[in-house]
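I have placed the structure first, in the form of structure tokens, so that the comments after it can refer back to it.
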Amino acid sequence: MILVVRYRTLFIILTGLLLAIVAGFRGGNDPDYGNYYDIYISSLHNSFLSLNIEPFYFFINKTLASVDAPFILLMLLIAVPAVLLKIYVIYKHSHLAFFSILIYILTIYISFDLIAIRQGLAIGFIMLATSHWSNNRNFSIALVLIGSLFHLSALVVLPIFYLFSSKWQKNIFHLSFYAILFVSFFGIKITVLDFIKIIPFIPSFILYKLDIYASYNQEGLNSAKQFFVCIIAFLIYNSNVKNNFIKQVSFLYVLGFLLSILFSSIGDIAFRIKWYFFWGEIFFIPYILSILVYKSKHRNSIPLLFVLFLLFLLLMYLYPAVNFINDIHSRGNSIIY
């Protein structure tokens, strides 16, 4: 048993380091790399207001640029914690780390840690904050605030955290799920951009980004796969699961799904918001297999269960990942190289 634990730890550490290095040293032809480089160069002679970015992220760029640090150093400083924070949470909470890492690679890693790496880092802080929410709420709030220094949208998770801790948690969860079913079944479209624009205290750089995000009409649409995963999250939450973390990430997934519907008129921001919550599938999907293994009466059938589950994951996650990569290539960009 000790040997198995050591091999598990070694596998997770080596995989995390490899993914972090690849993310930090990627070739620079992804959709966001050029934008990050422009911010880095422009930070020497502009303010964060003129560049429309978060002040702390601007400060990091300006500090490194002012000492002629290579741009790749900035990418590494973001990529390493972005990946390793997620890997640590997987190490701490995943019942089956291999499958969790596989789902992570085919979802968040290729979408954020290899492209929108600032938000990838923010998601890492959110994952760690979720891990500590039940035991150390103040620490979790601090982690969310740190994440928001790199991407302000990370603050969207705070009210959802408090809803999870509410005595009306179950009612909120069920009402949210039934609202998802109602809106999805009747194809109701919800527009919130006009309402947000009339709020007087919204910073101008946020309004600027909202207009850009709204131009991407399809990015925020939830796929059939994500709707299916939402149903799984609903079923797991209602299965009297004793693992509080699994229950929490199932709750977050459903609430995140509802939020993405509410912001679906702002395509790109709906896409960004939902992944502050959708990362939970990294944990509750493999949890299904752990339950099946635990309840299996025929121990000889366990290897077959693992093989079938792997095929299930590849069917559910590999096809969307390949489509995503092909879409990136169709725009004249690429991932990693």
Side-chain angles (χ1 to χ4, degrees), residues 12 15-16 18-20 22-23 26 30-32 79 82-91 93-128 130-131 147 151 153-154 157 218-233 236 246 249-250 252-257 259-260 267-289 309-329 335-336:
I12 293 174
T15 303
L18 176 62
L19 293 175
V22 171
R26 65 188 193 271
D30 61 85
D32 283 12
V83 173
L84 294 187
L85 283 173
K86 301 180 186 74
I87 292 297
Y88 170 75
V89 179
I90 290 173
Y91 172 79
H93 290 287
S94 177
H95 292 77
L96 295 163
F98 171 79
F99 293 112
S100 290
I101 291 174
L102 178 62
I103 296 173
Y104 160 56
I105 291 173
L106 295 177
T107 55
I108 295 175
Y109 184 72
I110 62 172
S111 299
F112 293 97
D113 295 341
L114 290 181
I115 300 178
I117 199 168
R118 281 199 301 132
Q119 188 172 354
L121 178 56
I123 292 172
F125 280 111
I126 298 305
M127 290 174 65
L128 188 60
T130 306
S131 174
H151 214 285
S153 59
V157 304
Q218 301 299 320
E219 297 291 338
L221 297 179
N222 292 307
S223 66
K225 187 271 291 186
Q226 290 166 345
F227 185 74
F228 175 66
V229 174
C230 184
I231 294 174
I232 293 176
I236 290 176
I246 295 297
V249 296
S250 300
L252 292 177
Y253 194 100
V254 171
L255 271 289
F257 198 100
L259 276 178
S260 68
D268 196 54
I269 202 168
F271 174 79
R272 291 172 181 271
I273 283 178
K274 67 185 179 184
W275 284 105
Y276 286 121
F277 306 94
F278 280 15
W279 58 264
E281 64 187 321
I282 293 172
F283 300 92
F284 64 72
I285 294 295
Y287 178 77
I288 297 171
L289 178 59
F309 192 78
L310 177 60
L311 292 175
F312 165 73
L313 290 187
L314 292 176
L315 178 66
M316 192 163 70
Y317 289 98
L318 185 59
Y319 180 71
V322 171
N323 281 343
F324 176 79
I325 294 173
N326 287 338
D327 182 59
I328 296 295
H329 285 200
I335 296 180
I336 301 176

Taking Y253's backbone N and O only, do any of them form a donor-acceptor pair with K274's side chain (distance below 3.5 Å, no angle check)?
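Not confirmed, K274 side chain does not pair with Y253 backbone.
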Check: S100 side chain, I90 main-chain N or O, donor-acceptor pair, under 3.5 Å
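Side chain of S100 to backbone of I90, a donor-acceptor pair under 3.5 Å: no, none is there.
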Are a donor atom and an acceptor atom from the side chains of E281 and Y317 found within less than 3.5 Å of each other?
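Result is yes, a qualifying pair exists.
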Between S153 and Y276: side-chain donor-acceptor atoms closer than 3.5 Å
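Note: S153 and Y276 side chains meet the donor-acceptor criterion.
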Could you check whether F99 and F309 have their ring centres less than 6.0 Å apart?
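Yes, close enough.
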Can R118 and D32 be counted as an ion pair, charged N to O under 4.0 angstrom?
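Not counted as a salt bridge, because no side-chain N and carboxylate O are separated by less than 4.0 Å.
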With rounding to the nearest 0.5 Å, note down the distance linking [atom1] in [X] to [atom2] in [Y].
X: I231; Y: F257; atom1: CD1; atom2: CZ; result: 8.5 Å
X: I123; Y: L85; atom1: CD1; atom2: CG; result: 11.5 Å
X: I285; Y: S250; atom1: CD1; atom2: OG; result: 8.5 Å

With sequence neighbours excluded, residues passing side-chain contact (heavy atoms from CB on, under 4.5 Å) with Y88
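Checked Y88 against side-chain contact (heavy atoms from CB on, under 4.5 Å); matches are K92, L128.
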Looking at side-chain heavy atoms only, is the closest gap between [X] and [Y] below 4.5 Å?
X: V229; Y: F284; result: yes
X: L315; Y: L311; result: no
X: F278; Y: I108; result: no

Sequence neighbours left out, what pairs pass salt bridge (Lys or Arg N to Asp or Glu O under 4.0 Å) with at least one residue falling in residues 314-325?
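Pairs touching residues 314-325 that pass the test: none.
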